Amino acid sequence: MEACGTLDSWAGGLYRLDAMSTATLHGLRVLDLTTTIAGPHCTRLLADLGARVVKIESPDGDLMRTRPPLRDGASSYFGELNAGKQSIVLDLKQPAAGAVVKRLVRTTDVLVENFRPGVMQRLGLDYGALAAVQPALIYCAISGYGQSGPSAGLPAYAPVIHAAAGYDTAHLSYQEGRTKPDNNGIFIADVLSGTYAFGAILAALHHRERTGQGQLVDVSMLESMLTMMLSEIQRAQFPLPPPGRPMFGPIETRDGYIMLAVASERTFVDLGRAAGREDWLTDPRFAVYGDRRRNWHLLVAELEQWSRPLTTIECQAAFDRFGVPCSPYRTVEEAMADPQLAHRQAFGESRDAGGLFRALNPPFRFSASPAGIQPFVAALGEHGDQVLAEAGYSPQEVEELKKSRVLGG
């Protein structure tokens with residue numbers, strides 16, 4: 001794989017690092033010992049905000065480098081998660097590699113790892129060992145169930161966490177007439193826990209700014225996933241009878257379906273006006289929320305008498321006119337083409353050995369600081385010599401590490 005960028009110049013000459021000098025995390029130094037999705041998502045957010053992220057990979061590289069879509073051997077899936085990071089290859093099974101990590105930690109602000117609990121301790125790179133080297137270190141560990149407890153040692157990937165958290169069963173309860181949980185291909189727990197880790201790291205950095213103290217940040221994917229189910233957690237304690245039909249579901253139109261959300265009394269009034277059914281507002285079945293919830297299936301049946309002769313676009317126009325929150329069901333491709341996303345510059349471009357690809361920028365904007373995907377994806381081990389030289393290793397020492405296969409690339 002060809003070299004795709006250095007610290008001083010981005011690939012393709014699109015940007016220079018000095019353009020990020022006003023970024024909120026400019027000057028922050030991060031060691032990334034993560035793989036797959038949750039950890040890399042967290043550290044890419046840090047890179048998007050200007051942090052210098054050094055990704056330590058095994059000799060085989062992060063598994064995501066092999067995941068499709070592949071273009072000339074380069075995975076845009078990997079690139080989406082790892083743009084803007086430098087790459088160094090270390091064989092952590094060799095004790096000499098641990099010594100390299102400890103040397104890098106001396107000038108590191110944040111370390112992120114998502115190994116199963118116990119792995120970093122066996123490598124001699126757990127929080128206690130590294131805090132002795134750098135007491136101000138923020139050490140973030142992302143795992144399936146947390147760093148301690150009866151389930152801590154269990155292997156975990158997002159689909160397993162979805163099931164363990166009750167999410168799949170809760171989702172199933174909204175599907176009429178269904179008894180088998182859905183298949184899974186969207187890894188919510190990974191993105192969610194990576195995002196929580198990102199926020200927790202920023203909070204720990206603020207604490208360090210006030211106290212000078214580093215600390216361990218322990219992020220649980222299971223607990224992250226449970227935060228998706230706010231009402232379900234309360235209903236598990238205080239059961240409610242279910243409505244006659246799920247209150248947020250597809251409304252049939254002549255050529256498909258539309259989603260609408262009647263989440264307030266004002267919205268219910270607007271719905272009645274949009275459908276020409278203001279009589280609903282005084283109908284004893286629907287006028288009061290509790291009755292409306294119990295009789296939701298009857299309300300939807302009457303609403304669909306109005307919507308079925310209309311196209312989805314015609315329904316949307318009527319709902320939009322009266323301020324009823326709604327949307328057609330779109331494909332991802334259709335969503336990506338939304339003019340609103342173009343207006344907000346929601347997508348940026350990055351480059352790897354396969355060429356340019358688009359990926360999302362962070363979903364927030366600053367008025368005085370840049371935040372966005374960086375336009376290079378490092379080749380495996382591309383920055384090993386540079387990173388070690390900056391850590392004080394001589395060229396001779398770097399060559400010795402290569403000869404002993406501690407350092408790859």
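Just so it is clear, the structure is predicted and the values come from calculations on it, not from any experiment.
- Distance check, rounded to the nearest 0.5 Å: CG of L81 to CE of M64 gives 5.5 Å.
- Interatomic distance, CG of L25 versus CZ of R52, reported as 15.0 Å (0.5 Å rounding).
- Judged purely by atom type and a 3.5 angstrom limit, R405 has no side-chain atom pairing as donor or acceptor with the backbone of Q94.
- One finds a salt bridge joining D270 and R273 here, because a Lys/Arg side-chain nitrogen approaches an Asp/Glu carboxylate oxygen to under 4.0 Å.
- Within a 6.0 Å sphere centred on CD1 of I186, other residues, nucleotides and ligands contribute 12 heavy atoms or fewer.
- No salt bridge links R67 with E80; every basic N to acidic carboxylate O contact stays at or beyond 4.0 Å.
- Between E113 and L111 there is a side-chain heavy-atom pair separated by less than 4.5 Å.
- Here F357 contributes atom CZ and S75 contributes atom OG; the two are 8.5 Å apart, rounded to the nearest 0.5 Å.
- Under a 3.5 Å cut-off, the side chain of Q237 and the backbone N or O of I233 do form a donor-acceptor pair.
- Within the 4.5 Å cutoff, no side-chain heavy atoms of M247 are placed close to those of V262.
- Smallest separation of non-hydrogen atoms from A23 and G50: CB-CA, 3.8 Å.
- When every heavy atom of E232 is checked against every heavy atom of M229, the shortest pair comes out as OE1-CA, 3.2 Å.
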- Query: For K85 and E57, what are the C-alpha separation, side-chain angles and deciding distance, and is it a salt bridge (charged side-chain N to carboxylate O under 4.0 Å, His left out)?
  - Reply: CA-CA 12 Å; K85 306 174 188 180; E57 300 187 62; over 6 Å; no
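- Here the straight-line distance linking atom CD1 of I251 with atom CE of M259 works out to 8.0 Å at 0.5 Å rounding.
- Remark: E334 CD is packed, more than 12 non-hydrogen atoms of other residues, nucleotides or ligands lying under 6.0 Å away.
- Below 30°, between 30° and 60°, or above 60°: for F198 and F364 the angle between ring planes is below 30°, a parallel geometry.
- Between the side chain of N361 and the main chain of Q345, a donor-acceptor pair closer than 3.5 Å is present.
- Although no hydrogens or angles enter the test, the distance criterion places a donor-acceptor pair under 3.5 Å between the side chain of N114 and the main chain of T35.
- At a cut-off of 3.5 Å, with distance as the only test, no side-chain donor of Y157 or T36 sits close to an acceptor on the other residue.
- R277 has its side chain out of reach of W306: every pair of non-hydrogen atoms, C-beta onward, lies at least 4.5 Å apart.
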- Dump the intermediate steps for side chain to side chain donor-acceptor pair (under 3.5 Å) on D255 and T311, then the final yes or no. CA-CA 6 Å; D255 57 356; T311 67; 4.8 Å; no
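- Inter-residue side-chain proximity for P40 and K55 is flagged as met; some heavy-atom pair is nearer than 4.5 Å.
- S193 and S224 share no side-chain donor-acceptor pair at under 3.5 Å.
- Panel note: side chain Q316, backbone P328; no donor-acceptor pair is recorded below 3.5 Å.
- Once rounded to the nearest 0.5 Å, the distance linking CD of Q147 with CG of D126 reads 10.0 Å.
- Within the model, atoms CZ of R344 and CG of D338 stand 11.5 Å from one another, a figure rounded to the nearest 0.5 Å.
- Within a 6.0 Å radius of CG in N183, no more than 12 heavy atoms belonging to other residues, nucleotides or ligands are found.
- Within the 4.5 Å cutoff, side-chain heavy atoms of R285 are placed close to those of E302.
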